[in-house]
Amino acid sequence: MAEVAVLREIDPAARVAPQAVIGEYCVIGPNVTIGPGTVLRRQVSVTGHTIIGSQNLIEERCVLGATPQDLKYAGGPAMLIIGHRNRFEREVTVHIGTEAGGYLTRIGDDNVLMAGCHVAHDCYVDDRTHLGRQVLLGGHIHVQTGAVCEDMSAAHHFSTIGRFARVGARTPVRRDVPPFTVFRGEGAEDSPPAVIGIHEEGIAAAGLDRQGEKELRAALKELFGDGAAMQTKIEQLLNMGVEGEAAALCQFIQRSLQGVFGRHREIYRGKAPPEARQYLPPEMHALLGRSMP
Amino acid sequence: MPEISKYAMVDKGASLADDVRVGPFARIGPQVRIEPGCVIENNVTITGRTVLGAKTRVFPMAAIGVGQDGGDGGPCLIGQATSIREHVVIHGGLDGPTRIGSDNLIMIACQVGAGACLGDHGIFANCTRIGAGAVVEDYVGTSGFAVIGPGAGVGAYTFIAGYATVDRYAPPFAIVQGPPFRVRGVNAEKLRRCGFGEDDIRVLKNAFRDLFNDFSDHARPELLEELSPEVADHPHVQRLIEFIRRNASKGADRHG
């Protein structure tokens with residue numbers, strides 16, 4: 001077979017591990033780090049201040065580390081950190097952070113992002129999440145470990161999708177989704193987006209011990225079983241001394257109730273969230289200044 | 001001299017201003033004109049009879065001026081200082097040109113059909129689809145997955161909520177939601193940002209209450225006649241009435 005010259009543009013300043021594979025027509029910017037075993041297929045663009053870990057698969061026409069779509073962003077020193085063993089299907093886009101949001105967008109480990117997903121500026125996607133086709137995450141969103149977003153769901157800025165929760169297809173998420181629940185609803189009037197049940201696969205995937213699972217199920221049933229005031233039910237559960245995931249669930253909902261429009265992360269509007277300090281490399285901590293606790 | 005990557009494929013016939021930057025693997029066709037200050041990033045396709053106004057920025061993987069069948073499209077005129085983000089597809093015109101005004105932000109994976117006409121200062125969120133021949137006025141905003149149907153009309157200052165579909169028309173100054181399509185109210189926050197006074201907004205709210213309060217999807221023509229004179233004579237309400245009259249016949253055959 002004839003040898004074909006393979007074209008790609010890798011900036012000389014980029015740090016690409018020798019064991020990484022860069023496909024043809026890829027463009028790698030100067031401030032990019034790519035770890036060993038990561039595979040970039042054709043026409044992938046990685047720019048901005050972006051660190052990609054090892055063993056990731058990045059399919060065709062993905063764009064990672066581009067400028068945020070936030071009109072307030074003025075070109076500050078923001079970055080994107082991607083962990084290990086993630087799969088990015090075709091045409092996934094992930095943007096770097098913004099000054100006002102803590103300078104960082106982060107994707108953890110073992111996530112699957114299906115074709116056309118968009119992860120906007122200042123989002124934190126933890127580990128083992130599954131984002132279906134064309135899932136849109138607006139800015140400043142926290143997708144916690146094990147969460148599943150079905151195809152074409154979209155999340156509003158500053159919302160949180162809890163641990164091992166499931167968001168239904170075409171569902172707009174305008175408030176926080178509690179952990180281990182199924183959140184679904186397409187229409188504006190006839191089926192408003194709401195918690196419609198318990199995410200059984202999520203409970204199985206979380207690998208809880210028997211006592212923890214029993215307590216979590218009881219708490220979910222208590223919280224979402226009837227229409228009584230959520231605040232009262234949470235206080236009752238906490239007074240009963242629930243622990244583990246059940247207690248975390250109560251705290252999650254409590255925080256959401258204290259936020260704006262049911263979105264806990266609204267309190268980070270215009271300032272860096274705690275995750276920024278946790279995950280930003282030490283040399284960038286000075287940027288966070290006094291806005292951090 | 002324009003700063004063109006050695007890997008860019010720029011046709012000899014294309015006309016590029018002196019300070020234009022073109023990234024690697026971008027493809028620019030023979031009948032394309034690009035005005036000063038434009039940045040064309042990597043892997044972008046610009047083809048057909050496309051004119052890109054000054055200071056417009058095109059992000060990776062976008063395609064402008066392409067035909068509906070995958071080949072080159074007809075005329076496509078894009079204004080100044082518009083951002084065209086990743087994976088956006090803008091089709092060239094068929095009979096008339098596709099027109100996009102100035103200072104627009106067209107976010108990731110939006111699609112603009114042949115002959116669509118967009119005004120200025122629009123913000124179109126991810127995956128917004130604008131059908132062929134649609135007419136969108138100035139200061140329009142959309143949320144994710146909004147659909148503006150082929151030939152539909154969208155009035156100025158209107159916001160289209162996520163997943164909503166505009167089949168016929170969305171009046172100016174409104175927030176619309178769907179499906180099913182509903183006029184939700186006045187887009188007061190946007191109007192304030194654009195310098196409208198509280199008095200103007202109050203009059204518009206009164207007019208909307210009379211015209212759209214029965215939760216019908218579109219204002220019935222007879223309601224336009226019933227507006228009280230002090231409301232109907234207000235210039236913004238005049239604009240609203242005129243827009244509804246102009247668009248009332250749109251798609252009426254399809255939707256009864």
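Scope of the values below: all heavy atoms of this structure, side chains included, with no hydrogens, waters or symmetry mates. To find a chain, count down the sequence lines: A is the first, B the second, and so on, and within it residues start at 1. Because the structure is predicted, anything quoted here is derived from the model rather than measured.
- Heavy-atom neighbours of Gln68(B) CD from other residues, nucleotides or ligands within 6.0 Å: above the threshold of 12.
- When all heavy atoms of Tyr7(B) and Glu9(A) are compared, the closest pair comes out as CD1-OE1, 3.3 Å.
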Given Val63(A) and Phe59(B), is the side chain to side chain contact (heavy atoms under 4.5 Å, CB included) satisfied, shown in steps?
-> CA-CA 10 Å; Val63(A) 183; Phe59(B) 286 75; over 6 Å; no

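- Scanning all heavy atoms of the two residues, the minimum distance from Pro24(B) to Val27(A) falls at CG-CG2, 3.7 Å.
- Under the salt bridge (charged side-chain N to carboxylate O under 4.0 Å, His left out) criterion, Glu60(A) pairs with Arg90(A), not counting sequence neighbours.
- Residue Ser143(B) does not touch chain A at all, counting heavy-atom pairs closer than 4.5 Å.
- For a residue to count as touching a neighbouring chain, one of its non-hydrogen atoms must lie under 4.5 Å from one of that chain's; by this rule Ser45(A) touches chain B with backbone and side chain alike.
- Sparse packing is recorded around CZ of Arg193(B), with 12 or fewer heavy atoms of other residues, nucleotides or ligands lying under 6.0 Å away.
- Interface check for chain B: of the options Arg8(A), Arg61(A), Gln134(A), Gln43(A), the most heavy-atom pairs under 4.5 Å are formed by Arg61(A).
- Remark: Arg42(A) CZ is packed, more than 12 non-hydrogen atoms of other residues, nucleotides or ligands lying under 6.0 Å away.
- For a residue to count as touching a neighbouring chain, one of its non-hydrogen atoms must lie under 4.5 Å from one of that chain's; by this rule Arg184(B) does not touch chain A.
- Atoms NE2 and SG, from His87(B) and Cys62(A) in turn, are 7.0 Å apart once rounded to the nearest 0.5 Å.
- When all heavy atoms of Pro172(A) and Tyr163(B) are compared, the closest pair comes out as CB-CE1, 3.7 Å.
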Test Arg85(B) against His95(A) for side-chain hydrogen bond (donor to acceptor under 3.5 Å, both in side chains), laying out the working first.
-> CA-CA 12 Å; Arg85(B) 297 294 312 217; His95(A) 288 165; 3.2 Å; yes

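- Among residues two or more places apart in sequence or in another chain, the salt bridge (charged side-chain N to carboxylate O under 4.0 Å, His left out) test is passed with Arg129(B) by none.
- Partners of Arg166(A) according to the salt bridge (charged side-chain N to carboxylate O under 4.0 Å, His left out) rule, which considers only residues two or more places apart in sequence or in another chain, are Glu150(A).
- Residues of residues 66-77 of chain A lying under 4.5 angstrom from chain B, judged on non-hydrogen atoms, are Ala66(A), Thr67(A), Pro68(A), Gln69(A), Leu71(A) in numerical order.
- The two atoms that bring Leu136(A) and Cys127(B) nearest to each other are CD2-SG, 4.1 Å, heavy atoms only.
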Could you walk me through whether Asn42(B) and Tyr25(A) pass side chain to side chain contact (heavy atoms under 4.5 Å, CB included), step by step?
-> CA-CA 9 Å; Asn42(B) 54 286; Tyr25(A) 311 123; over 6 Å; no

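- Ile108(B) CD1 to Thr93(A) OG1: the interatomic distance, rounded to the nearest 0.5 Å, is 3.5 Å.
- Atom CZ of Arg99(B) has 12 or fewer heavy atoms from other residues, nucleotides or ligands within 6.0 Å.
- In terms of heavy atoms, Phe25(B) sits closest to Cys26(A) at CE1-O, 3.7 Å.
- Contacts between Leu105(B) and chain A at a heavy-atom distance below 4.5 Å involve the side chain alone, from C-beta outward.
- Arg57(B) CZ: more than 12 foreign heavy atoms inside a 6.0 Å radius.
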